[in-house]
Structures are given as structure tokens and as C-alpha cells.
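Below is one structure, written out as C-alpha cells; the observations come after it.
Letters go in sequence order (proteins before strands), and every chain restarts at 1. This is a predicted model, so every value here is computed, not measured.
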There are 2 protein chains.
Amino acid sequence: MAKIDDVARLAKVSKGTVSNVFSQKRPTSDEVRERVLRVSRQLNYVPNHTARSLVTKKTMAIGLTIPHGSFFFSLFHTQFINGVILEASYYGYRVLLDIIPEQQVQTPFLTSYPIDGAVVMSPTTNDERIALMHAGQIPFVTVGKVMNEEIAHFTSVDNDNPQIMRSICEYLIDKGHTAIMFLNANALMTVSLDRKASFIQTLEKHGLPVEAHMLHHKPALNSSEYLDYGYAETIRVLGTERRKVTAIIADDDRTAFSTLKALKDLNLNVPGDVSLFVICGDLSMMVQSDPSLTSMDLQPSELGAQSVRLLMNQLGVLQGEFPEHVIVESKIIERNSVSTISS
Amino acid sequence: MAKIDDVARLAKVSKGTVSNVFSQKRPTSDEVRERVLRVSRQLNYVPNHTARSLVTKKTMAIGLTIPHGSFFFSLFHTQFINGVILEASYYGYRVLLDIIPEQQVQTPFLTSYPIDGAVVMSPTTNDERIALMHAGQIPFVTVGKVMNEEIAHFTSVDNDNPQIMRSICEYLIDKGHTAIMFLNANALMTVSLDRKASFIQTLEKHGLPVEAHMLHHKPALNSSEYLDYGYAETIRVLGTERRKVTAIIADDDRTAFSTLKALKDLNLNVPGDVSLFVICGDLSMMVQSDPSLTSMDLQPSELGAQSVRLLMNQLGVLQGEFPEHVIVESKIIERNSVSTISS
DNA sequence: GCATGGCATTAAACCGGTTTAATAAAGAGG
DNA sequence: CCTCTTTATTAAACCGGTTTAATGCCATGC
């Protein structure tokens, strides 16, 4: 690989000038620039990214931190990632997938992170990834609330979770549902706390006490129950325990699909006997399921894009005043999985 | 941020020694090591990744190149990525998502790639990403055949696509199906060429000529038909054109789901009227669909892991003799979407 | 004609580590 | 006790760029 000195020598200029031709940080005369570029092409020269990074102190990469061991991500994650990658590319940034494997035997901290900032998905309470970023002075944006004791200020994007749950509950209540079961996300995730609180509050506001069988949390990823959580809970509550449930709210598409399967196995018609509502799902999948699923569109790719913009602002790449917390719109998409109950 | 000189000064040793304590490339006395580590902790020192990279010429990152503009990836991709990330982490490598956006207005080549090697998914014929890697001397492993004119040798992992199609076709033929429709992947992808050829060959071997309505290719991602390809083709061929089709082979899970929806809308029972077979799908989804879908398990995460191992071997990280091409096992998982036709 | 300013260019310092070659200290062998 | 190794440590060179401060050149204004 040719280096800058080779080019400088052959083009009869100093390395500083070659540097300027490529970085365009200072002007160069047309004559010199062309000579340098010609020689570079001839030598197949390309500036070395690492050497540049060392002095500019920018790696031009951002980390995308996926939750601990989420080796199965849902379609929500997929779309979010797409949003991040696309938006980052607009600013010339690359995305380093920064997943901390379950068994964290890995490098406790052998070296600094080669990233300028990070987007942290699905923070948990007292998230250690966030603690690391905080300690390492790495700018970061979270998707969802940060609930670490030592961290007061942070930048985040989020949906309005309390409002989302309120809307969903009231949507269902309006349609006459009173026996509602909520298959929430994992209890450790900060979003699930908000949603749980809002679920309980909204139901109580309407005079509907929340009983134990109405609220469940997704088990940990490493548990054997993780994959068929929706199926198992539905069979247990509606089948074995014979509870009356007329509407189910599923936290994600995977849970929704497995719930759907359970309902079929229980010989319950959707939406005839039981209505099903999905919180975060992949649009294309929701449409193609049968029945197509009524859901809350959280705009995952928009969440991803916005989180990158906030991060770019923190990095000084994107000028202007940005709010500390961005709320991304979400709205109910009515399809065919929810019905009205005539009282 | 504390630098190595600060640590050296405070610990009263040379920077070379501090370097050795962290890199462990040369031995240090217990006494010195402890003193250095203590001071480092005190100063919150962490070796700078970029500086280290500059001299070692290793970025400890590999690129994961997703097909042009595949901003919707399927579950197959997701699992593949998981396999790559997990395996890479075993060798201390990080994964840089290297997606070349559709509109390639981006950096023609402002700087070298900050990666040591790359895994290239779904190569197309005369893939320019591969041409770039090749020109840039970056070791790479592809998933699927490389079909670039100027490249003779390459390392790859793959399923045995011809055999896969043969198995699937013969599996269906054994069950009495003769009117089989194949919803293939995009025509540009090298896998789709292999599968197409094998599909035609196998059917003809059994005296079943392949007519135009029996073979279709997924449209380009940027086209409006991309998302409901399965649905549209099924409605058109089985509905509008009223062709006789008793079995459909769908290339991926998304296509399968949308095909399933189309069959329901056509009032056709699966597998009673039409059988459905999926080539690459996410296990957890296939199970939860109704009926659960009979599919070919391509072991995407195994493909990902193997591709990383081959790459690590090329990078000299993993010793030993490795084959140039690795074939990952695939097998039919029988579920409930294929039935036997009594003649 | 001479001071003034603007601009492209350059030599040298710098970014923060690793690596090499030299050196000092400690052990082994005769 | 002296030489020969072995081992830990160090000073200096190096990785390949960017940035700073100095320089030379030309145009401008008075």
C-alpha cells in the first residue's frame, strides 16, 4: 500500500499538501491538486483511515448497542437498525454492531471503543452498558428511558409509552372489552415499566381492577420459555385456568404470532371470540398474517433515524438546537384482529 | 483521557513497559505489572484503540456487507448476522455493518476501510462490493458463489443449493405433486441461479416440463412489488389465470407468509388444496404460523459462524487447514403445510 | 518603491500507542 | 570468580496521517 510520503515524493510536494488535497481542509492550487491526484491514482493511494483517526480523534463510526444477549431480535429491532444505518450513512458514519454477548467473559476493557458515540437500544434498569458509556465519556443516545442512579442527564428518543398504553386500553374499552390481558415485554426493560404502570392506571380509571392473570412479563432471553411465551401464557390463562379474556395485548410481533397460534389451538376465533392487539410489529408481517393484526405503529425506523440525528448533534456533526428527549409519533393501525363486543 | 506516558511517568517505568503490561506480548515482573495496573486504574487509563491499530495494522473489526439496499432484511439475514456477531466476538472481533446504500452518492473512496476483512452476504453476479474488496486487498468470505469475471479464487460458505432444490422437488414429487410453482429469490442473486437450474433439471428428470407460470423471481427491492411478491404472484397464477398448482415453494419466510395470505383469500386450504414449502425461514416463526410450515432449515446462524471462522483463518487468527469452500448442512423440517396427493 | 496582507506551501511537531535494538541485572555453568 | 545466557527494562524509532507555525510569493494600496 502506498503511503502519503510516496505520493508527496513523486508529486514533488510536501505531505502536508497531499493531506490537504484529500481532506480538503485547506485550499490547494488546481495545478498541484491535479498532479497529486494523478500520482495517487497511479500509486493506488488511499489515505489510511486509522492514521487519520488517530489525529482527528474521530473514528467516523457509531456503536449500535443491542440489549444483552438479544441474539434473537424481533422485526422491530430490524427496522430500527435499518433506520440507524441509513441515517448514519448520510453523515458519513458507519455502524459498529456492539452486542455484548450473554457470557461476558470477553475483554473486560482491553482497549477503548473505536467509536465516536453510541445508540443504545432497550436500556434496562441500571444498565451497565450505559454505565460504561458514561464512565468512558462516550456520547450516547438511548431508545427509551435511562434508569441508572448515577446518571441524571441523558439524551433519548422514545415513543410516548404511557400514552400508547392509554390509547390501546381505551381503544379496547371503547369497543366493550373489560377482560384484557397484557403480555408485556421483559420486566427489566424500562419501557415495560412505563407500559405496565399505564396499563394498570388506565384500567383502574375505568373501574377495571387488574388481576394477576391479566398482566405478564416476557421471561429472560436465556430461559427456555422465551420463545413460546405468548403461546404458553395464552394456553395457561385461557385454557387451563379458564379465565375470561376478550382481548389480548401482545408486546411484539413474535409474541403476537405465538398467541395467535394458541388461540387457534384453543378453538377461539380472532377477532370473534378474542381480540388481539400488537404493540410493536413489522408492518409487512402484520398485514400478511390472517387475520391481519391491528397494531400500534411505533415507527421503528424513524426512531432509529432520530436517535442518530440526536447523536450527530452531540458529536457536533449536526448543528442546531435539539431537544434532550425526542418523542416519536405512534398511531393505531386498524386491521382485522379487534372486534366490538355488544354488551 | 490519560495516555500511556502519564501512566509511565507515574509508575516510574517506560512506556514500552506499560505497553507490555496491557498487550501481554512480553513478560513483565509481577511487581511492575501491579504497579502499572494500579496507576492505570487510578488514572482511568485505557489503551487507545486507534493508536494501537495504527501500528499493529489490525482494526479488530470485520465488515458485514449486506446486499445493496437490503434495507428490509428477512429473518434469515437476522439469524445469519447473529451467528456472525457471536462467532466474531470469540476472537475479539467487532462487526461493522457495511451496507452500501441504494443511492451510492457516498464517499467514492475517501479513505481506506477500517476493517481487517469482510463477510459478504448474498453476492450478485459481478458484484461490485466484491470487486472493491478484491482491489483493496481486503480478505473476504462470501455466502454463496462469487460470479465476478476477474476473480478466480475466493473463500465461501454456502448451502448445497442444487441439492436443496432437488430434495425439495423430489420430496414434493414423492407426495404426488406435479404442478409445482417456485417463487424464487431475486434473479440477480447467485443462489437463485443455482436453485433455478436445479428446479428445472429435477422436474424435467421426472418428466415434468417447467412452464412459465411455474417459476418466478422476486422483483428488485426498490420496486413497489417487492413486499407483496408472494401474494401477488399467487393471486395472479392461481386466481386470475386459474392455473393448476398443488404445491408452492417460497424462497423465504416473508414470501411464504404473504403466499399463505393469498391462498386464504383464494379460499384454498393449506395443505388440503395447496401445499407450501419454505426454503429459508426463521424457525420460531415457521412453527408459530398456522399451519406450521414445512421448511428447509439452512442453518443461517451456522452459516454466519462458519463464514467468520474461514475469515479468521485467512486473517491468521485461527490456525489450521481450512477448505476453500464450506458447505453447511441443510435438512427438511416436516411440519403441517405439505400433504400427500392421492392419485 | 516599500510596507501590508492574503494565500499556497512546507518543515517539523504531534496523535498514542508498539516494536526494535541496546542495556542492565540476575542465574547458570565450569 | 569469571564468562555465558536468560530475562526484564528502556530509549528511540516507527506507524501514517494531520496540524501548526514559519516562509516565500504575489498582488494591493499609498
How close or far is atom [atom2] of [N] from atom [atom1] of [X], stated in whole angstroms?
| X | N | atom1 | atom2 | answer |
| --- | --- | --- | --- | --- |
| B/Asp6 | C/dC15 | CG | P | 11 Å |
| A/Phe22 | D/dT19 | CZ | C1' | 18 Å |
| A/Asp30 | C/dA8 | CG | P | 10 Å |
| A/Gln24 | D/dT19 | CD | P | 13 Å |
| A/Ile4 | D/dT19 | CD1 | P | 11 Å |
| A/Asn48 | D/dG16 | CG | C1' | 6 Å |
| A/Met60 | D/dG17 | CE | C1' | 16 Å |
| B/Lys15 | D/dA11 | NZ | P | 11 Å |

- Message: Please check if the number of heavy atoms outside B/Glu150 that lie under 6.0 Å from its CD is greater than 12.
- Response: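 More than 12 heavy atoms, drawn from other residues, nucleotides or ligands, come within 6.0 Å of this atom.
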- Message: Counting only heavy atoms from other residues, nucleotides and ligands, does the tally under 6.0 Å from CD of B/Glu149 exceed 12?
- Response: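 Count not over threshold, so no.
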- Item | Touch class at under 4.0 angstrom, heavy-atom based, for A/Val18 against every strand present |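 If one applies the 4.0 Å heavy-atom cut-off, A/Val18 turns out to touch nothing in the nucleic acid.
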- Give A/Thr28 one of three labels, base, sugar-phosphate or nothing, depending on what nucleic acid heavy atoms sit under 4.0 Å from its own.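 The answer is sugar-phosphate, as A/Thr28 gets under 4.0 Å only of primed atoms, P, OP1 or OP2.
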Check this one for me: any side-chain N or O of [X] less than 4.0 Å away from OP1 or OP2 of [N]?
| X | N | value |
| --- | --- | --- |
| B/Ser14 | D/dA11 | no |
| A/Ser29 | C/dT9 | yes |
| B/Thr50 | C/dG16 | no |
| A/Ser19 | D/dG17 | no |
| B/Lys25 | C/dT18 | no |
| B/Lys57 | D/dG16 | yes |

- Just checking, any donor-acceptor pair under 3.5 angstrom between side chains of A/Thr59 and A/Asp116?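 Their side chains do contain a donor-acceptor pair, which is all the 3.5 Å distance test asks for.
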- cation_pi(A/Arg94, B/Tyr113) dist<6.0 Å, angle<=45: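 Here A/Arg94 passes the 6.0 Å and 45° test against B/Tyr113.
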- So which pairs with a foot in residues 10-19 of chain A pass side-chain hydrogen bond (donor to acceptor under 3.5 Å, both in side chains), sequence neighbours left out?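 Every pair satisfying side-chain hydrogen bond (donor to acceptor under 3.5 Å, both in side chains) with a residue in residues 10-19 of chain A: A/Ser14-A/Thr17.
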- Message: Is there, by distance only and without an angle test, a donor paired with an acceptor across the side chain of B/Lys3 and the base of C/dG17 below 3.5 Å?
- Response: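 Looking at the base of C/dG17, it does not pair with any donor or acceptor on the side chain of B/Lys3 (distance under 3.5 Å).
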- Query: At their closest point, which heavy atom of B/Arg129 faces which heavy atom of B/Ser122, and how far apart are they?
  - Reply: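 For B/Arg129 versus B/Ser122, the nearest heavy atoms are NH2-O, 3.3 Å.
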- Query: Where is the tightest heavy-atom contact between B/Leu311 and B/Pro139, given as atom of each residue plus distance?
  - Reply: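 Between these two residues, the closest heavy atoms are CD1-O, 3.7 Å.
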Name the closest nucleotide to the [X] side chain, picking from [options].
| X | options | result |
| --- | --- | --- |
| A/Val13 | C/dG17, C/dG16, C/dT10 | C/dT10 |
| A/Pro27 | C/dT18, C/dT9, C/dA8 | C/dA8 |
| B/Thr17 | C/dT18, D/dT9, D/dG16 | D/dT9 |
| B/Asn20 | C/dG17, C/dT9, D/dT10 | D/dT10 |
| A/Val55 | C/dG17, D/dG17, C/dT19 | D/dG17 |

- Item | Residue whose nearest DNA chain D nucleotide is more 5′ - A/Thr56 or B/Arg26 |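 Nearest nucleotide further toward 5': that of B/Arg26.
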- Query: What residues form a ring pair (Phe, Tyr, Trp, His ring centres under 6.0 Å) with B/His325, not counting sequence neighbours?
  - Reply: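 B/Phe154.
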- Through what angle, rounded to 10 degrees, does the axis of the helix from C/dG1-D/dC30 to C/dG30-D/dC1 turn between its ends, using five pairs per end?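 Terminal axis comparison yields 40°.
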